[in-house]
Amino acid sequence: MKHLLTAAFLLGGAMIPAQAISASPDTGNNGKSNAAYHFKNYGNPLITHKHTADPAPMVVGDTLWLFTGYDEPGNKDGYHMPNWCAFSTTDMINWTEHPVPIYADDFKWNDAHVSFAGHPVKGPDGKYYFYSSTNWCGIGVARADRPEGPYKDVLGKPLLTNADCKGASHSWVCIDPAVFIDNDGQAYIFWGNKNPYYAKLKPNMTEIDGEIHPLNLKDFTEAPWVHKRNGKYYLTYAAQWPEKIAYAMSDNIEGPWEYKGIISEVAGNSNTTHPGIVNFKGRDWFFSHIGGLGGGSGSRSVIVEPLYYNLDGTIKPVHASAAGASTEYSALDNNHNPILPDFHADPEILYSEKTGKYYIYSTTDGTPGWGGHYFRVFSSGNLADWTDEGIMLDLKGSMVPWAVGNAWAPAIIERKEGDGYKYYFYFSGHNPKLNRKTIGVAVSDDPAGPFYDLGHPIVTDSPVGRGQQIDVDAFQDPKSGKYYLYWGNGYMAGAELNDDMTSIKEETITVMTPKGGTLQDYAFREAPYVFFRNGTYYFMWSVDDTGSPNYHVAYGTSDNPLGPIKVADQPIVLIQNPEKQIYGPAHNSVIQLPGTDDWRIVYHRINKDYIEKEKGPGVHREVCIDRLEFNPDGTIKPVIPTK
């Protein structure tokens, strides 16, 4: 991975850059500040202005709250942690640190004077409860009227002590509380070091209700965390030493728990780690800590990653990354492109509501005569780190009986159908029966496939009597809910799709080719792409030949999904920058980051080492991503392509 900064830290065996640090470490609310401190998430570590550990997330309405411990600077021996910290966000990008919610010494019985792992939760009475651990002094509980505090000790004594931890003899056994409230309103508390325990809490959230039970968890070290998904209970915890993160599953909150394995490896140069899992705005997030920002076991840093599950409900391994949960990362380091390995072109990007992930579908490049015969799909949780999900459709063989190759320029759309989702993948291929390119469709229940071809093409003829039936785009009109298909090389056509999504309404076929222009500005060649923003339909297309350095993106707008298109006064969106060795950037798709007005443009460009004509520039293309921004009047700002 390329680095923004020369300084880097070790994370799970990989060198990861310290991202865009907005303030020197250990600023913000360390003392008795009453001022909020605002910062952005530019990647991992999430918090770069101070050392934080033991993350505990909590969702209240549309806000995610994150409580952490605070490691004093200097990577001191042991854990010097005078207070807890409170952070909040509504979008995972823009964060606020609030004044210190509670100090270790606010628990007057805390003779250890440290703030080990804590856990916030909203109680049934609408109050907020914070469960603290204090090394050998026990677990306390504090209460507040607001999620950010301030919190005050409720009991004046520990809720739990070492005396409650039967079978343990070491002094630090009673630490790391995690509270879980089940669907029936019953609250449970889990805790322990080496020896794990759980108990019910009374409705007042300040008393243990009944017996304390030991747990049998393989390799348990500390830091339990409980969450629930689709009727299954998950108990995640720090395991072994140095610590990894393991988990177990159960059909009942009281067990038995079935060990499922390690999901996160040793946290770089920190002996400890600490999981925290929360569902926020439709997707699960995995918090932990590592020894980042030049720290170590005594100067740790919280990180966050998207969390994914297998079809059977088990958790997929979590690989720590530089980008983490930040979509900002992908377009800020100016050192990220290309985003996919090897040669790919004609990228189509999708955000899946089903999985909470992004997907790119592309033409496989690097073959003379654009002879690639299959499509690959790549997935990402953050637009920066992409996983090859493999070949999802091959036009040679039995998968697509009407085509023999030339798998070009796909499009995809996700549609909610009943209790699930369907994915309609549109593509062009060479049709030997007609001896020309035609457009087909394949369908799947999952964005990564497998996809099943309809068995015949759905667009075979040119509405203008010339050009190729290639470069398809699919679009749902948010105003009417109708679906449309666009395509064309040498012309641009559009048509409404039937409700089956696998055929078009012939009577709606409309020739939409933008009139006029030259190769220097907006003369239409191919690759139509449509999106909608603030009441306006935007139409993008590519100009010139894909093997030309001058291949670029132009645009126009309309108040109708089938035009007519008014070419923009300044129509060029994206064009080459020879000084940066960026050539032929075009054939694009666009993505709006969910819940925001932030946009990205995904496109291909010619690999700089193949720009000479004899090297085949038109078949040595690479996929890139950059910001797409708008002026106050809705016009598109020229995109600045980055390396």
Side-chain angles (χ1 to χ4, degrees), residues 1 11-12 14 16 41 43-44 46 55 57 59 64 91-93 225-237 239 244-250 258-265 267 273-288 290 302-327 329-330 339-340 349-361 376-390 392 412 414 416 419-421 423 444-450 591 593-595:
M1 181 172 289
L11 180 54
I16 305 294
N41 171 14
N44 283 324
L46 169 63
V59 173
L64 186 151
D91 58 12
M92 298 297 289
I93 298 298
W225 185 275
V226 177
H227 76 285
K228 189 176 183 181
R229 177 180 180 269
N230 293 340
K232 297 287 186 180
Y233 297 89
Y234 296 77
L235 204 169
T236 311
Y237 55 92
K244 304 176 181 180
I245 294 175
Y247 80 108
M249 292 177 64
S250 178
E258 181 182 355
Y259 178 78
K260 293 295 183 180
I262 300 293
I263 56 171
S264 183
E265 293 294 331
T273 187
H274 194 111
I277 295 171
V278 70
N279 184 277
F280 181 55
K281 296 193 172 179
R283 66 189 304 177
D284 281 7
W285 299 99
F286 179 89
F287 292 81
S288 62
I290 51 93
V302 167
I303 65 172
V304 59
E305 297 287 345
L307 186 68
Y308 302 116
Y309 300 84
N310 297 303
L311 292 177
D312 63 359
T314 55
I315 298 175
K316 291 187 176 183
V318 181
H319 302 293
S321 68
S326 177
T327 52
Y329 174 87
S330 66
I339 56 173
L340 301 185
I349 189 166
L350 167 78
Y351 175 78
S352 171
E353 295 290 345
K354 175 181 178 179
T355 67
K357 297 168 70 172
Y358 299 91
Y359 295 84
I360 286 179
Y361 307 81
R376 304 191 80 91
V377 56
F378 297 82
S379 66
S380 174
N382 53 33
L383 296 177
D385 303 289
W386 293 90
T387 298
D388 186 352
E389 301 283 357
M392 43 80 65
I412 194 167
E414 177 185 66
K416 187 78 165 63
D419 294 331
Y421 289 88
Y423 299 85
S444 178
D445 296 325
D446 189 89
I591 192 74
L593 305 190

Shortest non-hydrogen contact between Lys244 and Ser264, atoms and distance: CB-O, 3.3 Å
Tyr361 (side chain) donor-acceptor with Ile412 (main chain) under 3.5 angstrom: no
State the CD1-OG1 distance between Ile303 and Thr273, to the nearest 0.5 angstrom. 7.0 Å
Would you say the side-chain atoms of Asp284 pair up with the backbone N or O of Tyr308, donor to acceptor, closer than 3.5 Å? no
Does Glu414 use its side chain to pair, donor to acceptor, with the backbone of Pro447 at less than 3.5 Å? no
Does the side chain of Tyr421 come under 3.5 Å of the side chain of Lys416 through a donor N or O and an acceptor N or O? no
Note, Met249 side chain near Thr314 side chain (heavy atom, < 4.5 Å): yes
Okay, side chain of Ser380, backbone of Asp385: is any donor-acceptor separation there less than 3.5 Å? yes
State the CD1-CD1 distance between Ile277 and Ile245, to the nearest 0.5 angstrom. 8.0 Å
Does Met92 offer a backbone N or O that forms a donor-acceptor pair with the side chain of Asn41 under 3.5 Å? yes
Using a 4.5 Å cut-off on heavy atoms from C-beta on, say whether the side chain of Leu593 contacts that of Tyr358. yes
Heavy atoms from other residues, nucleotides or ligands near CG of Asp419 exceed 12 (cutoff 6.0 Å): no
How many angstroms lie between atom CZ of Phe280 and atom CG of Leu64, to the nearest 0.5 angstrom? 5.0 Å
When every non-hydrogen atom of Asn279 is compared with those of Gly282, the smallest separation belongs to OD1-N, 3.7 Å
Measuring from atom NE2 of His227 to atom OG1 of Thr236, what distance do you get when rounded to the nearest 0.5 angstrom? 6.0 Å
If I take atom CG from residue Leu383 and atom NZ from residue Lys357, how far apart are they, to the nearest 0.5 angstrom? 12.5 Å
Measuring only between side-chain heavy atoms, which start at C-beta, is Asn44 closer than 4.5 Å to Glu305? yes
For a quick test of reading the model, state the closest non-hydrogen atom pair linking Trp225 to Pro55 and the distance between them. CZ3-O, 4.4 Å
Tell me whether the rings of Tyr247 and Tyr234 are parallel (<30°), tilted (30 to 60°) or perpendicular (>60°). parallel
Donor-acceptor under 3.5 Å (Ser288 side chain, Pro275 main chain): no
Looking only at heavy atoms, which two atoms of Tyr351 and Gly356 are closest? And how far apart? OH-CA, 3.4 Å
Are Tyr423 and Tyr359 close enough that their ring centers fall under 6.0 Å? no
Heavy-atom distance under 4.5 Å between the side chains of Leu307 and Val318, does that happen here? yes
Could you tell me whether the side chain of Trp285 reaches within less than 4.5 Å of the side chain of Pro306, counting heavy atoms only? yes
Rounded to the nearest 0.5 Å, the CG atom of Asp388 sits from the CZ atom of Phe378 at a distance of 4.0 Å
For Ile339, does its backbone N or O pair with a side-chain atom of Trp386 as donor and acceptor, under 3.5 Å? no
Sorted by chain and number, sequence neighbours left out, side-chain contact (heavy atoms from CB on, under 4.5 Å) with Asn230 holds for none
Backbone N or O of Asp445 within a donor-acceptor pair of the Lys354 side chain at under 3.5 Å? yes
Distance-only, no hydrogens or angles: does the Asp91 side chain make a donor-acceptor pair with backbone N or O of Ile93 under 3.5 Å? yes
